[in-house]
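Order of the sequence lines sets the chain letters (A, B, ...), proteins ahead of strands, with each chain counted from 1. Since we're looking at a predicted model, the values are computed, not measured.
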There are 2 protein chains.
Amino acid sequence: MAATLHDVARIAGVSIKTVSNVINDYPHVKPDTRARVQTAIEELGYQPNLSARSLRSGLTGAITLALPELSLSYFAELADAVIRAAERAGKVVLIEQTNGDRARELEVLTSPRLKMTDGLIFSPLGMGMDDVARLEVPYPLVLLGERIFDGPADHVTMRNVEAARAATEFLIERGRKRIVVIGAHEDEVIGSAGLRLRGYMQALDAAGLEFDPALIGYTTLWHRSNGATSMRALLAMGVEFDAVFGLNDTLALGAMRAIQEAGLRVPDDVAVIGFDDLDEAQYSLPSLTTVNPGRDEIAETAVATLLQRIGDRDGAIGDARQILARYEIVERESTPPL
Amino acid sequence: MAATLHDVARIAGVSIKTVSNVINDYPHVKPDTRARVQTAIEELGYQPNLSARSLRSGLTGAITLALPELSLSYFAELADAVIRAAERAGKVVLIEQTNGDRARELEVLTSPRLKMTDGLIFSPLGMGMDDVARLEVPYPLVLLGERIFDGPADHVTMRNVEAARAATEFLIERGRKRIVVIGAHEDEVIGSAGLRLRGYMQALDAAGLEFDPALIGYTTLWHRSNGATSMRALLAMGVEFDAVFGLNDTLALGAMRAIQEAGLRVPDDVAVIGFDDLDEAQYSLPSLTTVNPGRDEIAETAVATLLQRIGDRDGAIGDARQILARYEIVERESTPPL
DNA sequence: ATGAAAGCGCTAACAT
DNA sequence: ATGTTAGCGCTTTCAT
């Protein structure tokens, strides 16, 4: 059996209170008592029983991260960043995959398994504004993504509209006038697709360019294959264009493949920009210019915010906050130099 | 405060034992008592306190998965598969990232945080055979990967040598005779690189082809950029070749980029095969022929094996087992048809 | 500076 | 079929 406080206390010839004091760095312990306890701890290889500690303290030292799926690079890189940020704070991360399925997302919000952790960082994809009320939960919650706004929980997200506008302007500054968008969702107002499309429109407007519906490629999912398929369809219809804005990197990468298949050159004939700054955007042929939406900052802030809420037993922090990360355009080979 | 067993018992007018019986599906409970308890549970929104349950039962219902990093697609897809398999068994997964750093890996093996879970699925990258003794741990452990063999723990892995041999033979069958390998590690005997290189040699041998050291591209890491760099170096040296075996998919993808940059055609001038069957292998240009090493089966088996060990309180299962998944070659566009 | 003891919420052995 | 009760190992008043 694993050693307990009592075992350590017995070996060290002190009470369990003293051992506890040593472990928790309570200041008033005589140096030589402390040393004796330390020796006993090492001798026994004592490690505290975390279940017991949790039961007593009500805190587990773990947080849950719920996201659609790790096979999507964006979420894998987000999870990586969240785990690193949590680790820096000495916390550990439990991952739930929802597949972006609304029912599963709602289920996760009330799952008993959440009690294994102190709070939830939640990146929904299937839920919408109608489900806002479901976010009134009795535990600390930080929301990610663009499915819900002004909900009852802290929300950390990116500047979708501004960043998409900047991406579009980046193409316009380089002389492109007929800019295809890949990945739009019919009638979506919020959600990443809706917001980024709005940014696109704003940029056209500001530049005095006319919006042409023929330039919009709709896809339901945002995988590489959807980008390629959508692009091929546009190509087949004979639409004329000189640039492509992929609403995320995988779409842009897929579209870039279709463009090259058709014998067009990137960036000479068609300039391409993506959104997300995935690791692989550096390694495509040509490498992909894209928007870094501040993923690391989002992860960092989400963890910090959640931990604040967890530590805030008497609601001193106040109302739900909206936090926006800084974005940045990363220029690579898929767009021409200025 | 959250409701407890006592609250439910009081409302339902029974003892906590009865409530506990209902929750744990103990058979001998009168139907109407059960109904009364159920009503009380719903009324109070009772959810069991998992810390208390863990303290009492010694089991948490969670497992740890320790891997290098989620930003590497292979591990993201592995984690995805492990989480799904665990979920099917009603277990939850906590993820630790080691960055493939040996010191960090050894640290994870003895971390107190492991006590938050019932066992560990461990995919080391920095540890080696010298560290085998460190795997004698006082908790259920299942090992993944090719860093350690015949250790004291169950080991689930892929048929590296056979699969690499099959990949090489696949190229030979298509008439290729000068096959470059990208991603070799100097003097490595075990490890993915060492094993796969051995499979390559075996295939050459069996086909009566001579091994040419000039065809081996060494890289320390297995990112896309390493594949591209290594390939460019070989190209610059004027080495002649008609095929490339990337020891993993990202290397192959990087190499393919360098090949195309050099004006060579895939698969006509150079056939390319990878290893891993990542999602993105389907979407490259051309799509990548590769080896599916049985990742889903590995994840499934690792979880099942770990849960068996966890449930096996009196060591009835016996010694450490070695389990090998089935592999399969997935033919795509980067190799010519037979 | 240290000790004694209560109790977090649950499970399970033991009663009835 | 249901109730009583003793801990699981820890933190934390309250004493000393």
message = Run the side chain to side chain donor-acceptor pair (under 3.5 Å) test against B/Arg88 and tell me which residues pass, sequence neighbours left out.
response = B/Glu300
query = In chain order, what residues pass the side-chain contact (heavy atoms from CB on, under 4.5 Å) check against A/Leu5, with sequence neighbours excluded?
reply = A/Ile16, A/Val19, A/Ser20, A/Ile23, A/Tyr46
request  = Apply side chain to side chain donor-acceptor pair (under 3.5 Å) to A/Glu69 and list each qualifying residue two or more places apart in sequence or on a separate chain.
outcome  = B/Arg84
message = Could you work out how much the helix from C/dA1-D/dT16 to C/dT16-D/dA1 bends, comparing the axis of its first five pairs with that of its last five, to 10°?
response = 30°
request  = Kindly write out the residues that satisfy side chain to side chain donor-acceptor pair (under 3.5 Å) with A/Ser71, not counting sequence neighbours, or none if the list is empty.
outcome  = B/Asp80
request  = Within residues 13-23 of chain A, find the residues that approach DNA chain D with a heavy atom at under 4.0 Å, and present them sorted by residue number.
outcome  = A/Ile16, A/Lys17, A/Ser20
query = In residues 109-118 of chain A, what residues come within less than 4.0 Å of DNA chain C, judged by heavy atoms?
reply = none
query = Side-chain contact, heavy-atom cut-off 4.5 Å: A/Leu144 with A/Ile121?
reply = yes
message = Looking only at the side chain of A/Thr33 (C-beta and beyond, no hydrogens), which of the listed nucleotides C/dC8, C/dT2, C/dC10 gets closest?
response = C/dT2
ask   = Partners of A/Glu297 by salt bridge (Lys or Arg N to Asp or Glu O under 4.0 Å), sequence neighbours excluded?
value = A/Arg326
request  = Could you work out which one of C/dG9, C/dA6, C/dA1 sits closest to the side chain of A/Lys30?
outcome  = C/dA1
key: Pairing residues for A/Ser51 by the side chain to side chain donor-acceptor pair (under 3.5 Å) criterion, not counting sequence neighbours   = none
note = The nucleotide from C/dT2, C/dG9, C/dT11 with an atom nearest the side chain of B/Asn49 is C/dG9
Please list every donor-acceptor pair under 3.5 Å in which a side-chain atom of residues 132-139 of chain A meets a protein atom from a residue at least two apart or in another chain.
| residue | atom | partner | partner atom | Å |
| --- | --- | --- | --- | --- |
| A/Tyr139 | OH | A/Leu109 | O | 2.5 |

Pairs where residues 122-131 of chain A contributes a residue and the test side-chain hydrogen bond (donor to acceptor under 3.5 Å, both in side chains) is met, not counting sequence neighbours = A/Arg102-A/Asp131
Distance-only check: which donor-acceptor pairs under 3.5 Å involve side-chain atoms of residues 29-38 of chain A, not counting sequence neighbours?
| residue | atom | partner | partner atom | Å |
| --- | --- | --- | --- | --- |
| A/Arg34 | NH2 | A/Tyr26 | O | 3.2 |
| A/Arg36 | NH1 | A/Ala12 | O | 2.6 |

